[in-house]
Amino acid sequence: MHRQVLHLIPAEPVRVLDIGAGTGRDAAALSARGHTVVAVEPSEEFRAIGRQAHAGHNIRWVDDRLPELSTVAGQHQPFRLVMLTAVWMFLHEEERHHAMSCIHGLLDEGGRLGMVLRTGPVPAERGMFPASAAETVSLAATRGLSLIHESTQADSLGRTDVMWSNLFFEKPAPSREACSASLRT
């Protein structure tokens, strides 16, 4: 799922937030690369499976959910990388606005946000909402996040009407001039 963006994931160990971690496939892969991972998953069943399947990994499982992420936000510890894979389309438009603000607040300066969005027909029984890459890029830009990668890939289940968009954003780091000025005052 993430081959197209592996080069955008920090090589050095960082704090990672995996939102909608499911049973921990991505969290475990990130932990295996040396990262400290907080895996947010609202389903107790998925958290239990993830804890058992990935017991040897540096993953802390948290019961939390978008759009607020109140438990994670309450810890006041920024993340260098935030990942959302196949999650964004479960939020309606207003929730996505609020969620983007929360995610922006959780990102460290210079941190990155990676998202994988499902595009295509929305199955009524799944509780999904249409979410496009263009809308997401625009929403991230209003929060000061810069798009650094956009690509698409075919659906791994062979559905010809479903595509996946890979988006990576970066939160600006303070400029050297701003750092120098703050040191002088």
Side-chain angles (χ1 to χ4, degrees), residues 1-91 95-96 99-100 102-108 111-120 122-123 125-129 131 133 136 149 151-159 162-169:
M1 177 70 71
H2 301 294
R3 325 180 257 284
Q4 296 177 353
V5 295
L6 285 177
H7 65 285
L8 298 169
I9 294 173
E12 74 281 356
V14 297
R15 282 179 40 83
V16 177
L17 179 62
D18 183 10
I19 301 172
T23 59
R25 175 199 67 195
D26 293 347
L30 290 161
S31 173
R33 294 177 74 124
H35 302 298
T36 300
V37 181
V38 173
V40 169
E41 176 51 52
S43 165
E44 173 56 41
E45 182 180 357
F46 284 172
R47 287 193 314 274
I49 292 168
R51 280 188 190 104
Q52 182 177 11
H54 309 297
H57 289 274
N58 189 8
I59 302 171
R60 184 168 63 86
W61 290 89
V62 177
D63 178 9
D64 209 350
R65 66 191 74 239
L66 287 171
E68 282 87 18
L69 294 171
S70 55
T71 301
V72 174
Q75 295 170 2
H76 307 289
Q77 296 181 333
F79 295 89
R80 194 75 176 155
L81 177 65
V82 174
M83 297 292 294
L84 288 95
T85 302
V87 172
W88 204 237
M89 64 275 188
F90 288 104
L91 302 173
E95 289 174 320
R96 290 193 297 262
M100 188 64 79
C102 291
I103 292 166
H104 177 270
L106 291 168
L107 266 177
D108 199 4
R112 292 182 173 172
L113 166 62
M115 302 175 77
V116 179
L117 308 177
R118 179 192 186 279
T119 55
V122 176
E125 71 280 0
R126 295 282 317 270
M128 290 181 187
F129 302 92
T136 306
H149 175 88
S151 61
T152 58
Q153 62 191 56
D155 183 60
S156 63
L157 299 176
R159 296 172 290 190
V162 173
M163 293 292 291
W164 296 89
S165 296
N166 295 291
L167 304 173
F168 247 83
F169 303 94

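Since this is a predicted model, take the numbers as computed values, not measurements.
- Across all their heavy atoms, Val14 and His35 have their closest contact at N-ND1, 3.1 Å.
- With rounding to the nearest 0.5 angstrom, the CD1 atom of Ile59 is 5.5 Å from the CH2 atom of Trp61.
- The CG atom of Leu8 sits 11.5 Å away from the CG atom of Leu113 when rounded to the nearest 0.5 Å.
- The side chain to side chain donor-acceptor pair (under 3.5 Å) test with Thr85 is passed by exactly one of Asn166, Asp18, Asp26: Asp26.
- From Met100, atom CE reaches atom CZ of Phe169 across 5.5 Å, with rounding to the nearest 0.5 Å.
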Show the numbers, then the answer: is there a side-chain contact (heavy atoms from CB on, under 4.5 Å) between Phe79 and Val38?
-> CA-CA 9 Å; Phe79 295 89; Val38 173; 3.7 Å; yes
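- Separation of atoms CG (Leu69) and CG (Leu17) is listed at 6.5 Å; rounding is to 0.5 Å.
- Nearest heavy atom pair, residue Thr119 against residue Ala131, reads CG2-O, 3.7 Å.
- Checked by atom type and distance alone, the side chain of Glu68 never pairs as donor or acceptor with a backbone atom of Ser70 at under 3.5 Å.
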How far apart are the C-alpha atoms of Val87 and Leu66, what are their side-chain angles, what is the distance that settles it, and do they pass the side-chain contact (heavy atoms from CB on, under 4.5 Å) test?
-> CA-CA 9 Å; Val87 172; Leu66 287 171; 3.9 Å; yes
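- Here the closest heavy-atom approach between residue Arg96 and residue Phe129 is recorded as NH1-CB, 4.0 Å.
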Give the intermediate values and the outcome of side-chain contact (heavy atoms from CB on, under 4.5 Å) for residues Ile103 and Ile19.
-> CA-CA 10 Å; Ile103 292 166; Ile19 301 172; 4.1 Å; yes
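- Closest of all the heavy-atom pairs between Leu107 and Arg112 is CD2-O, 3.3 Å.
- At most 12 heavy atoms of other shown residues, nucleotides or ligands fall within 6.0 angstrom of atom CD in Glu45.
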side-chain contact (heavy atoms from CB on, under 4.5 Å) evaluation trace for Asp63 with Glu44 = CA-CA 7 Å; Asp63 178 9; Glu44 173 56 41; 5.8 Å; no
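- Once rounded to the nearest 0.5 Å, the distance linking CG of Leu91 with CZ of Arg65 reads 11.5 Å.
- Judged by distance alone, with hydrogens and angles left aside, the side-chain atoms of Arg47 form no donor-acceptor pair with the main-chain N or O of Val62 at under 3.5 Å.
- In terms of modelled atom types and a separation under 3.5 Å, the side chain of Arg15 and the main chain of Pro78 share a donor-acceptor contact.
- No donor-acceptor pair closer than 3.5 Å links the side chain of Arg60 to the backbone N or O of Ala39.
- With rounding to the nearest 0.5 Å, the separation of CG in Asp108 from CD in Gln77 is 11.5 Å.
- At a threshold of 4.5 Å between non-hydrogen side-chain atoms, the residues Val16 and Thr36 do not count as touching.
- Other residues, nucleotides and ligands contribute at most 12 non-hydrogen atoms within 6.0 Å of the CZ atom of Phe46.
- In this structure a side-chain-to-backbone donor-acceptor pair under 3.5 Å is present from Asp64 to Val72.
- Between the side chains of Asn58 and Ser31, no donor N or O sits under 3.5 Å from an acceptor N or O.
- Closest heavy-atom contact between Arg25 and His54: N-NE2, 4.1 Å.
- Side chains of Leu30 and Leu81 form a contact here, defined as non-hydrogen atoms less than 4.5 Å apart.
- Residue His149 comes nearest to Ser151 through the heavy atom pair NE2-OG, 2.8 Å, listed as atom of the first residue, atom of the second, then distance.
- Taking the side chain as every heavy atom from C-beta outward, Trp164 and Thr152 never approach each other to under 4.5 Å.
- Counting non-hydrogen atoms of neighbouring residues, nucleotides and ligands closer than 6.0 angstrom, the CD atom of Gln52 reaches no more than 12 such neighbours.
- Side chain of Arg118 to main chain of Ala86: no donor-acceptor pair is present (N/O by atom type, distance under 3.5 Å, no hydrogens or angles).
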